[in-house]
Amino acid sequence: MDNSVSSQDSIVSVRNLSFSRGNKKIFDDISLDFQRGKITAIMGPSGTGKTTLLKLIGGQLFPENGSITVDGEDVHKLRRTELYELRKRLGMLFQSGALLTDMNVFDNVAFPLREHTHLPESMIRSLVLMKLQAVGLRGARTLMPNELSGGMARRVALARAIALDPMMILYDEPFTGQDPISMGVLVHLIKSLNNILGLTSIIVSHDVHDTSAIADYIYVLSGGKIVGQGTPQEIQQSDSEWVQQFMTGAADGPVHFHYPAKDYVDDLMSTGKRY
Amino acid sequence: MIQIIQNLGKSTRTSFTKLGRATYFLFQTISGTFGILLRPRLLLNQLYSVGVLSFLIITISGLFVGMVLGLQGYYTLSDFGAEETLGVMVAASLVRELGPVVSALLFAGRAGSALTAEIGLMKATEQLSGMEMMAVDPIKRIITPRFLAGLISMPLLAGLFSAVGIVGGQIIGSGLLGVDQGVYWSQMQASIDFHDDIINGVIKSIVFGFVASWIALFEGYDAIPTSEGVSRATTRTVVNSAFSILGLDFILTALMFGDN
Ligand SMILES: Nc1ncnc2c1ncn2[C@@H]1O[C@H](COP(=O)(O)OP(=O)(O)OP(=O)(O)O)[C@@H](O)[C@H]1O
Ligand SMILES: [Mg+2]
């Protein structure tokens with residue numbers, strides 16, 4: 001394992017992490033570091049466990065082995081109240097958005113502010129409108145979540161994730177479902193949040209092109225292991241077959257497009273079986 | 001044979017672990033009470049959707065049950081020439097038994113199933129884990145106010161049910177069948193005891209409200225987060241609530257009215 005990255009200035013460090021779902025090993029002894037103030041991307045084929053990794057970092061899942069330190073605290077050794085204090089400093093953008101369906105857009109973005117601060121409503125209003133303006137949805141404040149498109153819902157969720165001005169944001173697939181225009185705005189937004197406010201970002205993405213454009217460092221995960229890491233340039237020039245396949249999107253290579261299965265021809269020929 | 005015993009052991013173990021989870025869930029729910037009392041708005045919203053929205057079904061059912069009691073009671077009592085005690089019979093059946101039990105069953109069907117579906121869907125759409133990541137405890141923020149609302153509404157709904165039922169009995173008894181109106185009310189007033197009948201009925205309905213809300217919320221929270229899982233959980237809420245309400249009713253009746 002390349003340990004050139006020192007864990008000194010890293011805000012999140014994952015050490016020797018193993019995690020399984022049933023009999024399936026999702027992570028097999030991996031270690032990663034996320035630098036403070038940088039944008040780090042996690043890439044990898046669908047179903048490798050990128051979302052799972054974010055949930056482990058957020059303390060929603062427990063590792064079988066290994067540890068995860070966030071801002072100097074071992075997430076899985078914290079007491080409940082301490083974990084909640086830590087989470088107030090994290091923003092997480094869920095892959096599904098996870099908006100509260102019984103509230104409109106405005107109240108969704110105001111939710112963390114109302115829960116955790118005692119700000120007057122007028123102040124909350126200004127803050128919410130600022131966050132909504134940043135994601136281009138100030139005009140949609142009275143819509144209910146079921147009236148939003150998938151891409152809009154994700155932008156509202158992003159506005160909510162930055163409502164409390166967290167020190168770090170975990171983005172699960174922020175670009176999926178965005179048209180080129182809002183994609184450009186989002187890329188710019190994530191970048192400027194990082195550079196101007198100095199927060200740290202962890203981005204899970206499939207989108208090789210856009211991620212390379214904003215990430216400072218990239219980890220490529222596959223089959224429970226880290227198959228490549230480095231700056232976008234290093235990754236693009238990497239001679240690792242895994243990484244090359246992922247970057248070029250070839251269906252054949254060390255990463256399999258198919259979920260593990262027996263031989264295709266055999267499978268088709270074995271008639272008489274139900275599944 | 002071994003297989004049967006193994007299966008029995010396995011299902012006993014799963015139901016015990018479920019009971020354990022449910023108990024832990026209940027403690028967490030109750031421990032959120034203080035926080036909710038500081039934010040009465042959350043409770044008021046839930047009182048509206050859990051309690052007020054059950055008004056109509058409770059009122060209509062109470063009216064019909066009272067009317068049926070009026071009819072049936074009159075035919076039975078008039079065989080003994082005792083139709084002037086119709087008021088007592090209607091009121092005692094309602095206050096002691098039918099009010100708490102039937103309104104609790106209706107509550108489980110109307111409000112309980114809705115609660116399970118709501119919580120289950122919130123879980124399936126990651127709203128609950130989203131809240132956790134925003135450092136908001138979903139049990140304290142979502143479950144506790146609903147639980148308290150169920151606990152408060154149930155005795156009120158049972159009271160409403162009994163009151164409407166008594167009026168229904170009177171409409172049939174004196175309006176249709178000719179029992180003297182004054183006798184209907186005065187006999188009732190003389191024979192229904194505040195402590196033995198009314199308080200015991202209220203205690204029953206508090207217990208039923210507690211159990212029905214607990215089951216509904218836990219089933220939603222524990223549901224498998226898929227559409228099928230939520231639909232099964234909703235069914236379990238109605239079935240388990242009905243069993244628990246009827247079983248507890250027997251036990252409570254035996255304890256309360258056993259020695260009269
Ligand atoms: N609740 C669960 N129970 C069992 N297995 C699960 C569960 N959630 C996820 N998995 C499994 O864990 C693996 C990793 O899932 P995860 O959602 O982390 O993938 P991902 O990398 O985020 O994929 P995608 O890019 O498609 O979102 C998958 O193979 C999935 O089958
Ligand atoms: Mg994912």
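Keep in mind that what you see is a predicted model, and the values were worked out from it rather than measured. In what follows, chains carry the letters A, B, and so on, assigned in the order in which the sequence lines appear, proteins first and then strands, with residues in each chain numbered from 1.
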Task: Distance in Å, B/Asp137 CG paired with A/Thr81 OG1, rounded so as to fall on 0.5 Å steps - done: 11.5 Å
Open item on the list: What's the separation between atom CG in A/Asp102 and atom CG in B/Asn45, rounded to the nearest 0.5 Å?
Closed with: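 Output value for this atom pair is 9.5 Å.
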TODO: Check each atom of A/Leu164 against the heavy atoms of chain B and say whether the ones under 4.5 Å are side chain, backbone, both or neither.
DONE: neither
Closest heavy-atom contact between [X] and [Y]?
| X | Y | result |
| --- | --- | --- |
| A/His116 | B/Ala135 | CE1-O, 3.1 Å |
| B/Gln127 | A/Leu100 | OE1-CA, 3.2 Å |
| B/Pro138 | A/Tyr84 | CD-OH, 4.1 Å |

Mark yes when over 12 heavy atoms from residues, nucleotides or ligands other than [X] sit less than 6.0 Å from its [atom1]; otherwise mark no.
| X | atom1 | value |
| --- | --- | --- |
| A/Arg114 | CZ | yes |
| B/Leu44 | CG | yes |
| A/Met123 | CE | no |
| A/Arg125 | CZ | no |
| B/Lys18 | NZ | yes |
| A/Lys38 | NZ | no |

Open item on the list: Can you confirm whether B/Met134 sits close enough to A/Arg160 that some side-chain heavy atom of one is under 4.5 Å from a side-chain heavy atom of the other?
Closed with: yes
Open item on the list: If you apply the rule salt bridge (charged side-chain N to carboxylate O under 4.0 Å, His left out), what do you find for B/Glu132 with A/Lys55, and how did you get there?
Closed with: CA-CA 11 Å; B/Glu132 273 179 23; A/Lys55 288 192 170 170; over 6 Å; no
Open item on the list: Please tell me whether B/Ser129 and A/Gln60 have a donor and an acceptor in their side chains that are separated by less than 3.5 angstrom.
Closed with: no
Task: With B/Arg39 via side-chain contact (heavy atoms from CB on, under 4.5 Å) - residues at least two apart - done: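 Residues passing side-chain contact (heavy atoms from CB on, under 4.5 Å) with B/Arg39: A/Glu115, B/Leu42, B/Arg141.
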Task: Option that, when pairs with chain B are counted at under 4.5 Å, heavy atom only, ranks first among A/Leu86, A/Thr101, A/Leu90, A/Leu170 - done: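 Most heavy-atom pairs within the cutoff with chain B belong to A/Thr101.
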